[in-house]
K.L.:
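One structure is given below, represented as structure tokens, and several questions about it will come after.
Worth knowing before you read on, the calculation uses all heavy atoms, side chains too, and leaves out hydrogens, waters and symmetry mates. Starting from 1, each residue takes its place in the sequence as its number. In this text, all values refer to a predicted model and were calculated from it rather than measured experimentally.
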Amino acid sequence: MILLAALLQLAPMPAEIVVVARKRRCDIAVANRILSSREFNARAAEWAAGVPVRVSAPDSASRKCLAKIVFKLADRGVAQVEFVEP
């Protein structure tokens, strides 16, 4: 039991991307802050190196928006994305 607790503490917490659906826009936020392209690219490099990433998409987010985000991540080498309900 102690070993399990130690492993859980060592496991990196997934960075959670929140899709912000706005009229005619598809923004990406981390820690309640909209990311600029430069910030997104820097984070994507971390995620491509193996840091877990979760995408939390509200019902108002379109499939086109979600696809755009996944393709952007894939273009930057991110191989694993977990989708969660907000």
K.L.:
Rounded to the nearest 0.5 Å, what's the gap from OG on S36 to CG on D27? Could you check?
P.N.:
11.5 Å

K.L.:
Scan residues 33-42 for pairs that pass salt bridge (charged side-chain N to carboxylate O under 4.0 Å, His left out), counting only residues two or more places apart or in two chains.
P.N.:
R33-E39

K.L.:
Tell me which donor-acceptor pairs under 3.5 Å the side chains of residues 68-79 have, and how far apart each pair is, sequence neighbours excluded?
P.N.:
from, atom 1, to, atom 2, distance (Å)
R76, NE, N41, OD1, 2.6
R76, NH1, K72, O, 3.0
R76, NH2, N41, OD1, 3.3

